[in-house]
Every structure is written in structure tokens, then in C-alpha cells.
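Quick note on labels: first sequence line is chain A, next is B, and so on, each numbered from 1.
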Amino acid sequence: MESSSENLVKTLLRNPSSIKTKSQAKQLHAQIVKTRGSRSVSLATIILGIYSDLNLLKESLEVFNNFRYVPTKAWKSVVRCYSCNGYFRDSLACFVEMRGWGKLPGRDVFPSVVRACTHLKELRVGESVHGCVIRFGLESDRYTGNALMNMYAKLQVLSHDYHVFDEIPLSDRVYSCRSSLAQDSEIGILIRSEKSHFESLGGRIVKNATGLDSVSKIFQMMPDKDVVSWNTVIGGNVQSGLYEEALERLREMSNAYLKPDCFTLSSVLPVFARHVDVLKGKEIHGYAIRHGFDKDEFIGSSLIDMYANCTRVEDSYRVFNLLSEKDDVSWNSVIAGCVQNGTFVEGLGLFRQMLAANVKPVEVSFSAILPACAHLTTLHLGKQLHAYIIRVGFNQNMYIASSLVDMYAKSGKIMTARLIFDRMEIHDSVSWTTIIMGYALNGHAREATILFENMQHDKIKPNAVAYLAILTACSHAGLVDEDLLGRAGRLMEAYKFINDMPIKPTGIIWATLLSACRVHKNVELAEKVAKEMTTADPGNMGPYLLLSNMYSAAGRWKDASKLRTNMKKKGMRKPPACSWIEVRNQVHAFVSGDTSHPYYDQIHVVLRDLYERLKQEGYVPQISEALHDVDEEQKSDLLYTHSERLAIAFGIISTPAGTTICIIKNLRVCVDCHTAIKFISKIMGRDIIVRDNSRFHLFKDGSCSCGDYW
DNA sequence: CTAGGGTTAG
């Protein structure tokens with residue numbers, strides 16, 4: 001008995017890779033300790049190697065800590081094991097200590113060390129390790145080369161600011177870097193000792209590096225590139241936004257008779273998502289199916305994202321449903337896809353399903369779903385999410401904080417939005433723009449202007465969206481002078497401002513000025529701006545609709561109808577007006593003229609009753625803006641059935657007296673409804689919030705927060 | 001040694 005188990009031990013020790021499980025490894029270890037004690041360094045080294053190959057960190061360290069004299073192979077095992085378990089800092093520290101003992105590193109340890117540098121974003125240390133690789137003549141080792149390419153692809157993209165230091169000599173840059181690791185004295189020594197080799201042999205990679213130079217240099221010098229090498233280069237190109245280069249590498253890869261695998265496909269799919277090229281994306285999808293890759297979670301989420309980006313939400317949904325294993329990324333992809341395509345309710349439903357499926361939401365989950373709450377103004381839900389975000393400590397995440405600022409601003413809680421903004425540790429272009437737009441939507445032009453200045457003091461150059469935000473603020477403001485001439489003057493100022501902007505004005509920016517022209521009834525400028533807008537953004541019917549409304553308002557029926565005919569010729573159709581209201585967590589939607597709601601009869605009674613009381617209060621229907629040149633009776637009928645009135649009437653009968661009624665409308669609220677709602681707020685003693693597609697209106701006691709500018 | 005998902009926009 002004794003001898004047969006002895007034979008087995010001997011066989012296993014000769015062939016350690018035959019051990020596949022933790023319990024096998026522990027059994028062998030126990031057997032050795034039992035029969036030969038724990039004194040043998042070579043046996044302990046073998047055992048450590050086995051533990052390390054199985055990624056068993058605790059067991060590896062137990063063996064490692066019992067050495068009085070640590071052999072090279074044991075050092076390497078521990079460095080690898082730390083790295084594989086995500087303890088990158090320990091892995092590097094161990095590597096440095098090993099070098100300090102004069103142990104020689106090899107191809108079996110460099111990939112782990114380089115990987116550790118990559119994860120720690122320690123480019124400087126990584127470069128020193130690269131120097132070490134060159135010193136030991138291992139630059140042609142495939143695994144090491146792949147790891148190095150990956151490191152440069154990831155870290156050099158992150159550090160575009162490096163060229164800022166170009167005029168400083170390389171040596172100073174290495175010593176003065178802010179890296180906490182480089183300040184660690186032992187790793188500092190490593191850097192100093194390896195730097196000279198790096199410079200004399202490897203060349204001045206940092207200094208001359210632009211983008212992926214170092215990566216292609218290593219790639220070209222690699223004698224035997226494998227699929228991983230190609231995948232790394234392709235992935236690096238995609239992450240740097242060099243899409244054409246990535247596709248070119250993909251072609252070269254096939255020419256080299258290497259078949260794209262799961263990694264290749266999930267790396268290139270984002271290219272077609274960005275290009276909105278669903279045909280190419282489908283080709284990849286087909287290839288994935290033919291090679292049995294379509295069950296892969298990575299490819300799945302890339303496909304979901306690609307289809308969603310190409311506005312094919314049903315297709316991304318289908319891919320999602322066919323996935324047998326759905327991880328958090330698959331869920332986040334499909335949720336984000338819904339939200340980005342405006343199907344907010346579906347997005348919320350999927351978010352709930354994700355929680356029900358016991359998939360833990362991560363940061364991305366929240367930044368994906370919060371815009372849905374913002375657009376639907378479901379503040380009660382948004383607040384729940386916010387509470388969770390605070391509990392798990394996600395509130396300093398840039399994406400999440402900006403989404404929260406936007407959600408509160410869009411829900412009319414501009415003070416809360418500001419509080420969150422002020423508590424952010426750093427601000428980027430998006431968070432600045434979000435808070436400026438928040439003030440703009442809430443009608444606080446002055447604060448928006450101040451923040452626009454502050455943003456620039458914060459060294460953030462305004463982009464098109466920021467300009468749009470500040471123009472929105474100005475166009476929504478009651479800041480304009482009261483006399484008509486003054487108004488016209490300010491509009492011309494805005495026109496000049498847009499033309500003088502350092503960036504090319506986008507369609508949306510022109511649209512903002514156009515809506516200001518409408519507020520101030522400046523038809524001449526509106527015609528000019530509408531023309532600019534149709535060139536900047538053809539296919540957008542916004543300018544046609546606005547201009548046509550302005551013609552109608554000015555009684556220029558012929559011009560209005562000519563424009564309408566033109567639109568029809570171009571195949572443009574106005575989306576139906578729709579308003580909705582949330583009552584007891586349920587959304588009730590009303591389309592203009594809609595009679596299908598189960599409570600329509602009561603709604604109609606309320607509307608008729610309201611109409612009478614409004615008239616007594618002095619309300620006169622303002623029909624000048626009605627779109628068509630129809631007779632007066634028809635016009636007032638149209639106004640009577642506008643979707644926002646249906647929603648408000650429903651709000652009145654389904655919520656307790658005195659509570660705020662909150663309505664959302666997909667189009668701009670019309671002048672007559674605006675007047676009527678002012679009266680309704682007074683008569684009914686209700687605050688009424690209407691968020692139209694342009695801004696917020698808080699109706700209170702007969703007046704509106706927008707000061708009648710919108 | 002290599003891969004996927006997120007914030008602002010009439």
C-alpha cells in the first residue's frame with residue numbers, strides 16, 4: 001500500500017500539470033509532508049508551482065512563507081499567482097524583491113508583471129519592465145510581447161498629456177512622475193537601474209510615442225504572431241478610435257491565415273456600432289453564428305450594442321433573449337440600448353427584470369437607466385435609484401453624477417441638481433453642460449450665464465452642446481428688454497454670437513435661435529435662421545413647423561400653407577402631439593383629440609366645466625397660432641382637445657385636491673393652452689408642472705415660471 | 001498574453 005501511493009506521488013511530481021483540482025493538489029501536498037516532512041526545498045517548490053498554476057493564492061503563500069531561502073522558481077510562482085488573483089501591487093512588489101535578491105526573471109514571469117503594470121496604469125514602471133525584458137533578450141517572446149503591446153495600447157492612449165512634458169528631459173520625467181509606485185523606494189530603484197538599459201537598447205519609446213507607435217513597433221518585430229497578437233493590435237486600434245486601421249489589420253490577419261475568434265469579433269463590432277453600419281455588423285453576426293460564437297457573452301453584448309446603435313432595438317432585444325448566460329454587461333447593454341432609443345418604459349422594465357434575476361447593478365447600470373427617469377420625469381423612481389447609489393457609494397462616478405444632475409434638473413428640482421453638481425469632486429465638459437442646461441430649462445438664464453463663465457475658468461472649452469445650453473438659457477429667459485426694438489436687437493446679437501462662435505453651429509443651435517425668433521415674433525430673422533438650419537440639418541422638420549406656426553400667427557396663411565405643402569412633398573410628417581401623466585405609479589398617455597381613455601367622459605365634463613369657469617375669469621381663446629386657416633369654431637374645438645388639457649383634466653379628477661399636477665408633453669405647449677393652464681392653476685388652486693419638449697413650466701396661482709418666454 | 005456595456009443635445 002505504502003509503496004503504491006509512493007509511486008503515485010513520484011509520478012505526479014514528475015508531471016505536475018496532471019493535477020487539475022484544489023483537492024488533488026492538497027492531497028499530494030499532505031502526502032509529501034506526511035512521508036518526507038516539509039524540509040525539502042525542491043519538493044516545496046514543485047508544490048508551490050502546482051498551487052500557483054491553479055491560482056490558489058492562499059495555499060501558494062503558505063508554502064512560500066515557509067521557505068528560509070527562496071528559490072527563483074518559487075519567486076516566479078508567487079509573482080504570477082498574485083497577478084492572476086488581481087493583487088497587482090503585491091505582484092510588482094514581489095517582482096522587485098526578487099530582483100533585489102539577484103534572481104533572474106524569465107519568459108514565465110514577465111507577462112504577469114507587465115499585466116500588473118497595465119492594470120495599475122503604471123506606464124513608467126511598465127517601461128522599466130520593458131527595459132528589463134530587453135536586457136534579458138526576451139523581446140521576441142510571444143507572450144511577453146503580447147502583454148507589452150497590450151500595456152502600451154491601454155496606457156499610452158490614456159496619457160495623451162505626455163507630450164506636454166516633451167521639452168523636459170526623459171530622466172526628469174521618469175523621476176518626477178506622480179506615480180505612487182515610483183515613489184516607493186524599491187520600485188524607484190528598479191526604475192533607476194533599468195532605465196539606462198531601456199534607453200540604450202529599447203530606444204526612446206516614450207519620447208517619440210504617438211498613439212500606437214510602440215505597439216506597432218513591437219508587433220512588427222514579433223517573429224511568430226498568434227491570434228492573441230493580432231487581437232491585441234486590433235483592440236488597441238479600436239480603443240484609440242482608429243477604426244479604419246483596425247479593419248485593415250483584420251484583413252491582414254485573415255491574409256495571414258489566422259481565423260478571427262471571439263476576442264477579435266467582440267473587438268471589431270464596436271466599429272460598426274460607431275459607423276452605424278448594420279450590414280457589416282450583420283456580416284459579423286453571421287460569422288459568429290457559423291462558428292458557434294453567438295452564445296458568447298462578450299459577442300452578445302457587442303451585438304446588442306451594435307444593433308441598438310443602428311436603431312434596431314428589436315434585433316438587439318432578440319440577441320439578448322437568445323443568450324443562455326446573461327451577465328451584468330448583457331443586461332446593461334440591452335437596457336442602455338432601449339433608453340438611448342427613447343423606449344424608456346421598456347428600459348425601466350428590463351432594469352426591474354435584471355434585479356429580479358439577481359444580477360447586481362453596477363455603475364454602468366445606473367448611468368444607463370437614469371436618463372430614462374430624467375426623460376419620463378419619474379422622480380419617485382429616480383430618488384429610489386439615487387438612494388441606492390449613495391448606499392453603495394457610486395455617487396462620485398462622473399457618468400452617474402451627471403445623470404443625477406440632469407434628472408433632478410429635468411424634474412424641476414434645480415436646487416437639488418445644483419447641490420449634487422457642487423458636491424462632485426471634479427467636473428468635465430458633460431457635467432458642466434448638464435447643470436447649465438438644467439438652469440436653462442428651468443428659466444434661470446443669469447445663473448446659466450455665470451456657470452458658462454465658470455466652466456471656461458475651469459479650463460473647459462465649450463463645445464456645440466455647451467453653446468446650445470447657453471443659447472437655450474438666453475432664448476428662454478425673460479432677460480430680454482421689454483420694448484420690441486430691444487428684443488430684436490438681442491436676437492441679432494444672438495445671431496452674430498452664433499456666427500462668431502469658434503465652432504461650427506449645429507442644427508440644434510440654429511433651432512434654439514429659431515425658437516427665440518418665435519417668442520419675439522421676428523419673422524424676417526426666423527426665415528434666415530430656418531434656412532441656415534435646413535442646410536445644417538436637412539431632413540429635420542423642426543424649422544418648417546416653427547416657421548409655419550409663425551406665418552399662421554402673423555396671419556400669413558398663404559406662406560404657411562405653401563410651407564406645409566412643401567413639407568408633404570418631402571414626405572415629412574408631424575408626429576402626433578402626446579401628453580402623459582403619472583398617477584399612482586401608472587402612466588396615462590393622451591394623444592391630441594383622443595377619446596379612448598376609460599375615463600374620457602369624466603374628462604370631457606371637467607374640460608367643459610373648466611372652459612366655462614375660465615371664460616368667467618376673463619380667459620379669451622387665443623387661436624392665432626392654430627395651425628390651419630379654419631373657421632373659428634373648429635379652431636376652439638381643436639384647442640379644447642389638446643393633449644395637455646386632457647392630461648390635466650385627468651390629473652384633476654384622479655389626484656387629491658391641492659396636490660401638484662405634473663404633465664409631460666412631446667411637443668411644445670401652444671400659446672392658448674399656456675394661457676388656459678395659467679387660469680386653471682388659479683381656479684383649481686393647484687400647482688401645475690408642464691414639461692414640454694423645450695423646457696419647464698411651473699404654473700402657480702395664475703402665472704408661469706417661464707415668464708411667458710418659451 | 002487578448003475581448004463587450006454608461007452621462008449632456010429644439
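Put simply, the side chain of D327(A) and the base of dG4(B) share a donor and an acceptor less than 3.5 Å apart. Applying the 3.5 Å distance criterion, the base of dT7(B) shares no donor-acceptor pair with the side chain of S403(A). Under 3.5 Å, the side chain of S266(A) and the base of dG4(B) form no donor-acceptor pair of N or O atoms.
Taking D261(A) as the reference, N231(A), T264(A) meet the side-chain hydrogen bond (donor to acceptor under 3.5 Å, both in side chains) condition, with sequence neighbours excluded. In terms of the side-chain hydrogen bond (donor to acceptor under 3.5 Å, both in side chains) criterion, Q396(A) has no residue partners (sequence neighbours excluded). Residues passing the side-chain hydrogen bond (donor to acceptor under 3.5 Å, both in side chains) test with D141(A) are R107(A), T144(A), sequence neighbours excluded. Residues satisfying the side chain to side chain contact (heavy atoms under 4.5 Å, CB included) criterion with N395(A), sequence neighbours excluded, are I389(A), I390(A). Partners of W331(A) under the side-chain hydrogen bond (donor to acceptor under 3.5 Å, both in side chains) rule, at least two apart in sequence or in another chain, do not exist in this structure.
The side chain of N150(A) contributes no N or O atom lying less than 4.0 Å from OP1 or OP2 of dC1(B).
For the pair K410(A) and F696(A), the cation does not sit on the ring face, since its NZ or CZ is not both under 6.0 Å from the ring centre and inside 45° of the axis.
Residue-level contact check: S402(A) touches the bases, meaning some heavy atom is under 4.0 Å from a base atom. V362(A) comes within contact range of at least one nucleobase, with a heavy-atom separation under 4.0 Å. In this structure, T434(A) reaches the sugar-phosphate backbone alone: every heavy-atom distance under 4.0 Å involves primed, P, OP1 or OP2 atoms, never a base. Looking at heavy-atom distances under 4.0 Å, S367(A) makes contact with a base. Base contact: E297(A) has a heavy atom under 4.0 Å from a base atom.
Proximity of residues 404-412 of chain A to DNA chain B (heavy atom under 4.0 angstrom from any strand atom) is restricted to D406(A), K410(A).
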